Engineer: 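Below: one structure in structure tokens.
Atom set for the values below is all heavy atoms of this structure, side chains included, hydrogens, waters and symmetry mates excluded. In this text the structure is predicted, and so the values were computed from the model without any measurement. Read the numbers this way: they start at 1 and go in the same order the structure lists the ligands and their atoms.
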Amino acid sequence: MEASVTDTQVGIIGAGPAGLVLSYLLHLEGIDAVVLEARSREYVEKRVRAGVCEQPTVELLREIGVGERMAAEGLPHHGLSLRFDGADHRIDLTALTGKAITVYGQQEIVKDLIAAHAGKGLPIEFEVSDVELHDLDTESPRVTYRDAEGNARELDCAVIAGCDGFHGVSRPSIPGVELIAYDHQYPFAWLGVLARTPPSHEELIYTHHERGFALHSMRSPEITRLYLQVDPAERIENWSDDRIWAELEQRLETKEGFSLREGPVLEKSITPMRSFVVEPMRYGRLFLAGDAAHIVPPTGAKGMNLAIADVRNLSRALKALLRDKDGELAASYSDRCLRRVWRAEHFSWYMTSMLHTDPNADAFQRRLQLSQLRYTASSTAAATSLAENYVGLPFE
Ligand code: FAD
Ligand code: DHB
């Protein structure tokens, strides 16, 4: 049977933070878009991922009118702790930069954006399958797919935005010779835990310990989020809740004594760590944004923030291209994004290398790592560098 065809200006693949923020920004510019998402609405609203929102991210979401619940329920943080040598070394983010971060779950942002779309009748199609991209090197690219009922469908667009994450179809639709990929693997993964227990400390604690990195974070006054460095080959079945708490106790221990509040584990999973960038982030009329184009290890809390910075750029480029028939910003989209991407790649690599315990490091490298931690904790210059990257450099 013939596919039923819909015309739209921008076909957006993926309803993560990148796709949803882009769709909403385009709507505000009077450009129509359709978002296609492989998963169900319930699934994307429950997927536990990022928690730290940079100040520029918070400001953007507020400016576009989807920051109300974040302002009410998000937790503003003015500092964080680096914990090593059995003691806390606080980095006063606000004293050093005048800015703060907000702890607010990525799935809450996704929920707020989906609700804003529903409120305005903006189209998001969930549970689509067999998504394929066509005619990318022409001015009328197409997306074919099956809707939730299995019917063959086609989107005829002026532009396609590939916002479908690292495992999506957009990046692999670009001929390999057109892209350069930069890939770096780490000998660690993160075991993430969501627990129903009040946070054990008011702020985030990034812990360097000889048994491995640990991170204490939170989602609300009742919910704690914790991470443990584990081997990438580890299986979640090997980590009983008791083992997780015992390991967290050991790594988070301080000389003064630290009391970790335990509680029922609501969710646990293991995520591998990698750094990955493709250049350029565009092929013809396909523009990549967010995890579809780049991955950072989570230690710097940059992935979602970068995805949102990309689509802020992309919405401006598409407004110029589609409304004003000016292709200049579209032509420089990739270069402008990649400057911020590589800054975040460096920062995420630096935080990861400084805080994790590398099983392959020699004694010399371990000494360098401790020296770097002590310097960061004691030098205002070094702490300011960490803080200004962490709270988010201004958008261009
Ligand atoms: P995604 O959120 O991956 O969205 C892509 C969407 O596309 C998904 O909904 C997917 O289902 C859909 N999709 C995939 N394939 C198809 C297809 N073929 N057709 C249609 N749809 C498709 N970042 C931070 O900024 N701060 C943090 O504190 C932080 N912590 C993290 C902790 C962990 C444990 C993890 C795993 C990540 C963390 N990140 C953090 C990273 C952040 O979650 C990602 O960078 C972010 O989700 C990227 O957004 P995106 O919209 O580009 O991609
Ligand atoms: C969280 C995740 C991160 O990657 C990070 O660096 C800090 C906090 C979180 O999920 O709360």
Side-chain angles (χ1 to χ4, degrees), residues 11-23 35-41 43-45 47-54 56-57 75 77 80 101-107 109-110 113-114 124-133 143 145-146 160-173 189-194 199 203-206 213 215-220 223-228 267-274 276 288-311 341 344 347-348 351-352 355 390 392:
I12 300 177
I13 320 294
L20 291 169
V21 173
L22 177 64
S23 167
V35 182
L36 301 180
E37 167 59 48
R39 304 286 192 160
S40 68
R41 174 171 178 175
Y43 183 92
V44 297
E45 290 190 342
R47 189 166 43 192
V48 181
R49 307 221 5 223
V52 171
C53 304
E54 293 178 350
T57 299
L75 307 169
H77 281 210
L80 58 82
I101 52 128
T102 299
V103 176
Y104 187 65
Q106 175 171 326
Q107 81 271 31
I109 295 184
V110 164
L113 285 159
I114 292 175
I124 306 174
E125 286 198 45
F126 291 98
E127 297 179 73
V128 302
S129 53
D130 297 346
V131 175
E132 286 180 27
L133 279 48
V143 186
Y145 63 99
R146 290 193 180 277
I160 299 174
C163 301
D164 46 353
F166 187 67
H167 301 287
V169 292
S170 299
R171 193 182 61 254
S173 304
W190 275 17
L191 191 169
V193 178
L194 194 69
E203 294 182 336
L204 270 64
I205 309 168
Y206 286 83
F213 169 79
L215 170 59
H216 165 277
S217 179
M218 63 203 68
R219 284 296 176 271
S220 73
I223 303 284
T224 302
R225 179 79 168 142
L226 298 145
Y227 296 98
L228 281 172
E267 207 246 29
K268 55 184 170 183
S269 60
I270 293 181
T271 314
M273 292 174 98
R274 73 191 308 165
F276 178 86
L288 301 177
D291 280 15
H294 41 72
I295 295 285
V296 287
T299 329
K302 287 286 160 251
M304 176 184 65
N305 293 293
L306 260 190
I308 291 176
D310 284 352
V311 296
V341 168
F347 179 66
S348 306
M351 289 287 279
T352 302
L355 286 159
Y390 193 80

Engineer: Hey, does Val131 come in under 3.5 Å of ligand 1, counting only N/O atoms on both sides?
Structural biologist: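 Between Val131 and ligand 1, no N or O pair is found under 3.5 Å apart.
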Engineer: Nearest to atom 18 (N) of ligand 1, what protein heavy atom do you find, and at what distance?
Structural biologist: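 Among all protein heavy atoms, the one nearest atom 18 (N) of ligand 1 is Val169 CG1, 3.6 Å.
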Engineer: With a 4.0 Å cut-off on heavy atoms, does Arg219 reach ligand 2?
Structural biologist: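 In this structure, Arg219 qualifies as a contact of ligand 2 - some heavy atom is under 4.0 Å.
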Engineer: Look only at interatomic distance and state if Leu215 has a nitrogen or oxygen under 3.5 Å from any nitrogen or oxygen of ligand 2.
Structural biologist: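 No.
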Engineer: For Ala301, counting its heavy atoms only, list the atoms of ligand 2 lying under 4.0 Å from any of them.
Structural biologist: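 Listed by number with element: 5 (C), 6 (O).
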Engineer: Tell me, which protein residue and heavy-atom name are nearest atom 44 (C) of ligand 1, and how many Å apart are they?
Structural biologist: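 Nearest neighbour among protein heavy atoms for atom 44 (C) of ligand 1, to 0.1 Å: Asp291 OD2, 3.3 Å.
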Engineer: Under 3.5 Å between any N/O of Gly51 and any N/O of ligand 1: does that happen in this structure?
Structural biologist: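 Yes - when backbone and side-chain N and O of Gly51 are compared with those of ligand 1, one distance drops under 3.5 Å.
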Engineer: Nearest 0.5 angstrom please: Arg274 CZ to Phe166 CZ, how far?
Structural biologist: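 Reported to 0.5 Å precision, the distance equals 3.5 Å.
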Engineer: Give me the nearest non-hydrogen protein atom to atom 51 (O) of ligand 1 as residue plus atom name, then the distance to 0.1 Å.
Structural biologist: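 Ranking protein heavy atoms by distance from atom 51 (O) of ligand 1, first comes Ala18 N, 2.9 Å.
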Engineer: Distance under 4.0 Å to a non-hydrogen atom of Leu36: what atoms of ligand 1 satisfy this?
Structural biologist: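 What qualifies from ligand 1 is 20 (C), 21 (N).
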Engineer: Report the member of Met273, Gln106, Met304, Glu54 with the shortest heavy-atom distance to atom 43 (O) of ligand 1.
Structural biologist: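 Nearest heavy atom to atom 43 (O) of ligand 1 lies in Gln106.
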Engineer: Give the atom numbers and elements of ligand 2 that come within less than 4.0 Å of a heavy atom of Arg49.
Structural biologist: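 It comes down to these atoms of ligand 2: 10 (O).
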Engineer: Going by the order shown, which atoms of ligand 2 are within less than 4.0 Å of some heavy atom of Thr299?
Structural biologist: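 Counting atoms of ligand 2 from 1, those under 4.0 Å from Thr299 are 6 (O).
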Engineer: Nearest 0.5 Å, please: how far is NE2 in His216 from CG in Leu204?
Structural biologist: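 Taking CG in Leu204 and NE2 in His216, the distance rounds to 8.0 Å.
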Engineer: Short N/O distance, under 3.5 Å, between Pro17 and ligand 1?
Structural biologist: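 Yes, there is a polar N/O contact under 3.5 Å.
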Engineer: Between Ile13 and ligand 1, is there a nitrogen or oxygen pair with a distance under 3.5 Å?
Structural biologist: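 Not met; the criterion fails.
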Engineer: Looking at side-chain heavy atoms only, is the closest gap between Ser348 and Thr299 below 4.5 Å?
Structural biologist: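 The answer is no; the side chains never approach within 4.5 Å.
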Engineer: Quick one: look up the protein heavy atom nearest atom 31 (C) of ligand 1 and list residue, atom name and how far away it is.
Structural biologist: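 Answer for atom 31 (C) of ligand 1: Ala50 CA, 3.7 Å.
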Engineer: Of all the non-hydrogen atoms in the protein, which one sits nearest to atom 5 (C) of ligand 2, and at what distance?
Structural biologist: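 Answer, as residue, atom name and distance: Tyr206 OH, 3.3 Å.
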Engineer: Give the atom numbers and elements of ligand 2 that come within less than 4.0 Å of a heavy atom of Val52.
Structural biologist: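 Counting atoms of ligand 2 from 1, those under 4.0 Å from Val52 are 7 (C), 8 (C).
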Engineer: Pair Tyr145, Ile13 - check side chain to side chain contact (heavy atoms under 4.5 Å, CB included), show working.
Structural biologist: CA-CA 11 Å; Tyr145 63 99; Ile13 320 294; over 6 Å; no
Engineer: Apply side chain to side chain contact (heavy atoms under 4.5 Å, CB included) to residues Asp310 and Val341 and explain how you reach the verdict.
Structural biologist: CA-CA 9 Å; Asp310 284 352; Val341 168; 4.1 Å; yes
Engineer: Considering only the protein, which heavy-atom contact is closest to atom 16 (C) of ligand 1, and what is its distance?
Structural biologist: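 Looking at atom 16 (C) of ligand 1, the protein heavy atom closest to it is Asp164 CB, 3.8 Å.
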Engineer: Which residue and atom name correspond to the protein heavy atom nearest atom 3 (O) of ligand 1, and how close is it?
Structural biologist: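 Looking at atom 3 (O) of ligand 1, the protein heavy atom closest to it is Arg49 NH1, 3.4 Å.
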Engineer: Taking C-beta and beyond as the side chain, do Ile114 and Val44 meet within less than 4.5 Å on heavy atoms?
Structural biologist: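 Ile114 vs Val44: side chains touch.
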Engineer: Here's a test for you: under side-chain contact (heavy atoms from CB on, under 4.5 Å), which of Ile205, Val103, Thr224 qualifies with Pro199?
Structural biologist: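 For Pro199, the side-chain contact (heavy atoms from CB on, under 4.5 Å) check succeeds only for Thr224.
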Engineer: Look at the aromatic rings of Phe347 and Tyr390 and report parallel, tilted or perpendicular, splitting at 30° and 60°.
Structural biologist: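 The arrangement is perpendicular - the two ring planes meet at more than 60°.
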Engineer: For atom 4 (O) of ligand 2, what's the nearest protein heavy atom and its distance?
Structural biologist: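 Here the closest protein heavy atom is Pro298 O, 2.6 Å.
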Engineer: Please work out whether any backbone atom (N, CA, C, O) or any side-chain heavy atom from C-beta onward of Ala292 is under 4.0 Å from ligand 1, and answer side chain, backbone, both or neither.
Structural biologist: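 Neither; nothing of Ala292 gets under 4.0 Å from ligand 1.
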Engineer: Regarding ligand 1, does Ala301 bring an N or O atom to under 3.5 Å of one of the ligand's N or O atoms?
Structural biologist: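 Looking only at distances, the answer is yes, because the N/O contact criterion of under 3.5 Å is met.
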Engineer: Is ligand 1 under 4.0 Å from a heavy atom in the side chain of Leu306, in the backbone, in both, or in neither?
Structural biologist: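 Contact part for Leu306 vs ligand 1: neither.
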Engineer: Are Lys302 and Glu54 close enough that some pair of their side-chain heavy atoms sits under 4.5 Å apart?
Structural biologist: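 Yes, at least one pair of side-chain atoms sits under 4.5 Å.
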Engineer: How are the rings of Trp190 and Tyr227 set relative to one another: parallel (under 30°), tilted (30 to 60°) or perpendicular (over 60°)?
Structural biologist: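 Trp190 vs Tyr227 ring planes: tilted.
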Engineer: Are Leu228 and Val193 close enough, and set up right, to give a side chain to side chain contact (heavy atoms under 4.5 Å, CB included), and what steps lead you there?
Structural biologist: CA-CA 8 Å; Leu228 281 172; Val193 178; 5.9 Å; no
Engineer: Roughly how far apart are Ile12 CD1 and Cys163 SG, rounded to 0.5 Å?
Structural biologist: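 Answer rounded to 0.5 Å: 6.0 Å.
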Engineer: Consider every N or O of Glu37 and every N or O of ligand 1, then say whether any pair is closer than 3.5 Å.
Structural biologist: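 In this structure, Glu37 places an N or O atom under 3.5 Å from an N or O of ligand 1.
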Engineer: For ligand 2, which atoms sit closer than 4.0 Å to a heavy atom of Leu204?
Structural biologist: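 Checking each atom against Leu204, I get 7 (C), 8 (C).
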Engineer: For atom 36 (C) of ligand 1, what's the nearest protein heavy-atom neighbour? Residue, atom name and distance, please.
Structural biologist: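 Looking at atom 36 (C) of ligand 1, the protein heavy atom closest to it is Thr271 CG2, 3.7 Å.
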Engineer: Could you grab the distance from atom CZ of Arg47 to atom CD of Glu267, nearest 0.5 Å is fine?
Structural biologist: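 Result: 11.5 Å between the selected atoms.
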Engineer: Do Tyr227 and ligand 1 have an N or O pair less than 3.5 Å apart?
Structural biologist: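 By distance alone, the answer is no.
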Engineer: Of the side chain and backbone of Ser217, name the one, both, or neither that has a heavy atom under 4.0 Å from an atom of ligand 2.
Structural biologist: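 The part of Ser217 near ligand 2 is the side chain, not the backbone.
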Engineer: Any idea which protein heavy atom is nearest atom 21 (N) of ligand 1, and the distance to it?
Structural biologist: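 Checked against all protein heavy atoms, atom 21 (N) of ligand 1 sits closest to Ala38 N, 3.2 Å.
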Engineer: Got a second to check how far Met304's CE is from Tyr104's OH, nearest 0.5 Å?
Structural biologist: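 With rounding to 0.5 Å, CE (Met304) is 10.5 Å from OH (Tyr104).
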Engineer: Tell me which protein heavy atom sits closest to atom 1 (C) of ligand 2, plus the residue, atom name and distance to 0.1 Å.
Structural biologist: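 Nearest neighbour among protein heavy atoms for atom 1 (C) of ligand 2, to 0.1 Å: Tyr227 CE1, 3.8 Å.
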Engineer: Can you find an N or O of Arg39 that's nearer than 3.5 Å to an N or O of ligand 1?
Structural biologist: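 Min N/O separation from ligand 1 is not below 3.5 Å for Arg39.
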Engineer: I'd like to check Ile124 versus Ser23 (side-chain heavy atoms, cut-off strictly below 4.5 Å). Are they in contact?
Structural biologist: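 SC-SC contact between Ile124 and Ser23 ruled out.
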Engineer: Using distance alone, determine whether Gly303 and ligand 1 share an N or O pair under 3.5 Å.
Structural biologist: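 N/O-N/O distance below 3.5 Å exists for this pair.
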Engineer: If we only consider heavy atoms of Arg47, is any one of them less than 4.0 Å away from an atom in ligand 1?
Structural biologist: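 In this structure, Arg47 qualifies as a contact of ligand 1 - some heavy atom is under 4.0 Å.
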Engineer: Based purely on interatomic distance, does Gly168 place a nitrogen or oxygen under 3.5 Å from a nitrogen or oxygen of ligand 1?
Structural biologist: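 It does not: no N or O of Gly168 is found under 3.5 Å from an N or O of ligand 1.
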Engineer: At what distance, to the nearest 0.5 angstrom, does CD of Glu45 lie from CD1 of Ile109?
Structural biologist: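 The CD atom of Glu45 sits 13.0 Å away from the CD1 atom of Ile109.
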Engineer: If you count the atoms of ligand 1 from 1 in the order shown, which ones are under 4.0 Å from a heavy atom of Cys163?
Structural biologist: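 Near Cys163, the atoms of ligand 1 are 5 (C), 6 (C), 7 (O).
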Engineer: In sequence, state the C-alpha distance, the side-chain angles, and the governing distance for Cys53 and Ile308, and then conclude on side chain to side chain contact (heavy atoms under 4.5 Å, CB included).
Structural biologist: CA-CA 10 Å; Cys53 304; Ile308 291 176; over 6 Å; no
Engineer: Heavy-atom pairs closer than 4.0 Å: do any link ligand 2 to the side chain of Trp190, the backbone, both, or neither?
Structural biologist: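 Contact part for Trp190 vs ligand 2: side chain (C-beta onward).
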